[in-house]
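Accompanying notes for the structure given below.
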Amino acid sequence: MSLCRLVYYSERNPAVALDTRTLIATCHKNNAPRSLTGMLHYNGTYFLQVLEGGRADVSAIYHRIATDPRHINLILIGCMDVRERLFPTWSMGLHEGMGDRTKEIFLRYFPKERFDPESINVDSLLDVMQDIATEL
Ligand SMILES: Cc1cc2nc3c(=O)[nH]c(=O)nc-3n(C[C@H](O)[C@H](O)[C@H](O)COP(=O)(O)O)c2cc1C
């Protein structure tokens with residue numbers, strides 16, 4: 001199996017209701033049987049998601065996610081083959097909100113204390129996600 005990692009960000013669609021608990025329950029239900037793992041950060045405006053797993057499974061779930069009306073303006077910033085997973089134990093970890101600890105993590109890698117699409121680069125984003133994950 002070719003292991004790959006896909007990273008994208010998107011904006012919440014304010015016109016469509018969002019219940020993150022329902023969303024994450026769906027993620028767990030669908031991802032676990034496909035050995036898909038990853039992490040989702042939602043700050044109230046943007047979603048950042050890392051998906052890891054077999055190439056075909058990652059591709060299929062991304063195409064499904066991309067048509068989800070709960071978010072808009074998806075920007076794919078990385079899709080690469082990898083040797084190992086960054087989030088091996090989570091069928092999808094959810095981190096929500098922007099507390100002081102999270103702001104401090106963003107400032108380690110970016111000039112601003114929250115996600116800013118203008119200054120995004122995939123390596124720093126993965127560093128942020130890993131640091132957030134260790135604090136979950
Ligand atoms: C930001 C975001 C991230 C999502 N991530 C996943 C995911 O990792 N796995 C998943 O199965 N569905 C995910 N979804 C939901 C899918 O778009 C879709 O609603 C779901 O896969 C449908 O599953 P169901 O047919 O079992 O209801 C995500 C949706 C959004 C808005």
Side-chain angles (χ1 to χ4, degrees):
M1 177 179 87
S2 251
L3 189 65
C4 87
R5 176 178 307 129
L6 183 149
V7 187
Y8 76 87
Y9 63 88
S10 62
E11 283 174 60
R12 187 208 164 156
N13 180 358
V16 176
L18 171 72
D19 174 350
T20 50
R21 274 186 300 185
T22 306
L23 173 60
I24 212 68
T26 305
C27 294
H28 292 152
K29 170 178 71 80
N30 293 333
N31 294 1
R34 294 169 177 82
S35 297
L36 285 165
T37 51
M39 163 104 186
L40 178 66
H41 167 69
Y42 173 56
N43 70 7
T45 305
Y46 289 103
F47 293 101
L48 315 177
Q49 190 171 27
V50 182
L51 283 156
E52 298 175 327
R55 202 184 276 161
D57 289 318
V58 167
S59 196
I61 197 67
Y62 178 70
H63 286 298
R64 199 197 296 187
I65 292 170
T67 62
D68 193 311
R70 288 171 285 190
H71 60 171
I72 51 177
N73 301 334
L74 273 78
I75 305 287
L76 182 62
I77 57 171
C79 187
M80 63 287 277
D81 287 339
V82 291
R83 292 219 170 91
E84 55 190 47
R85 296 170 194 253
L86 292 176
F87 308 100
T89 58
W90 288 333
S91 54
M92 190 50 62
L94 172 68
H95 178 267
E96 231 179 315
M98 259 306 181
D100 287 344
R101 297 293 295 274
T102 312
K103 289 178 180 170
E104 188 257 314
I105 291 172
F106 271 87
L107 281 175
R108 284 177 205 159
Y109 304 100
F110 292 110
K112 292 191 183 160
E113 63 178 18
R114 64 182 2 243
F115 173 73
D116 170 23
E118 295 301 320
S119 60
I120 200 70
N121 79 69
V122 70
D123 291 329
S124 300
L125 187 62
L126 287 170
D127 287 336
V128 163
M129 295 294 259
Q130 280 181 283
D131 285 9
I132 288 176
T134 59
E135 307 203 4
L136 266 183

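Side chains are part of it too, since the values below use all heavy atoms of this structure and drop only hydrogens, waters and symmetry mates. First listed ligand is number 1; within each ligand, the first listed atom is number 1. Bear in mind that the values here come from a model prediction, so they are computed numbers and not experimental data.
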- Going by atom types alone, do Asp131 and Tyr109 pair a side-chain donor with an acceptor below 3.5 Å?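 Note: Asp131 and Tyr109 side chains meet the donor-acceptor criterion.
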
- Message: Could you tell me if Asp127 and Ser124 have a donor-acceptor pair between their side chains, going purely by distance under 3.5 Å?
- Response: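 Result is no, nothing qualifies.
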
- Can you tell me which residues line ligand 1 if we count any heavy atom under 4.0 angstrom from one of its atoms, in chain and number order?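 Contacting ligand 1 under 4.0 Å are Tyr8, Leu23, Thr26, Cys27, Lys29, Asn30, Asn31, Phe47, Gln49, Leu51, Ile61, Arg64, Ile65, Asp68, Arg70, His71, Met92.
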
- Item | Residue Asp100 excluded, over 12 heavy atoms near CG under 6.0 Å |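 Counting neighbours around CG of Asp100, 12 or fewer heavy atoms of other residues, nucleotides or ligands fall under 6.0 Å, so no.
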
- Task: Compare every heavy atom of Leu48 with every heavy atom of Met129, then report the nearest pair and how far apart it is.
- Result: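 That closest heavy-atom pairing would be CE-O, 3.4 Å.
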
- Work out which heavy atom in His41 is nearest to a heavy atom in His95; give both atom names and the distance.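 Where His41 meets His95 most closely, the heavy atoms are ND1-ND1, 3.0 Å.
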
- Task: Please work out whether the ring planes of Phe47 and Tyr42 are parallel, tilted or perpendicular, with thresholds of 30° and 60°.
- Result: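 Taking Tyr42 first and then Phe47, their aromatic rings lie parallel (interplane angle under 30°).
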
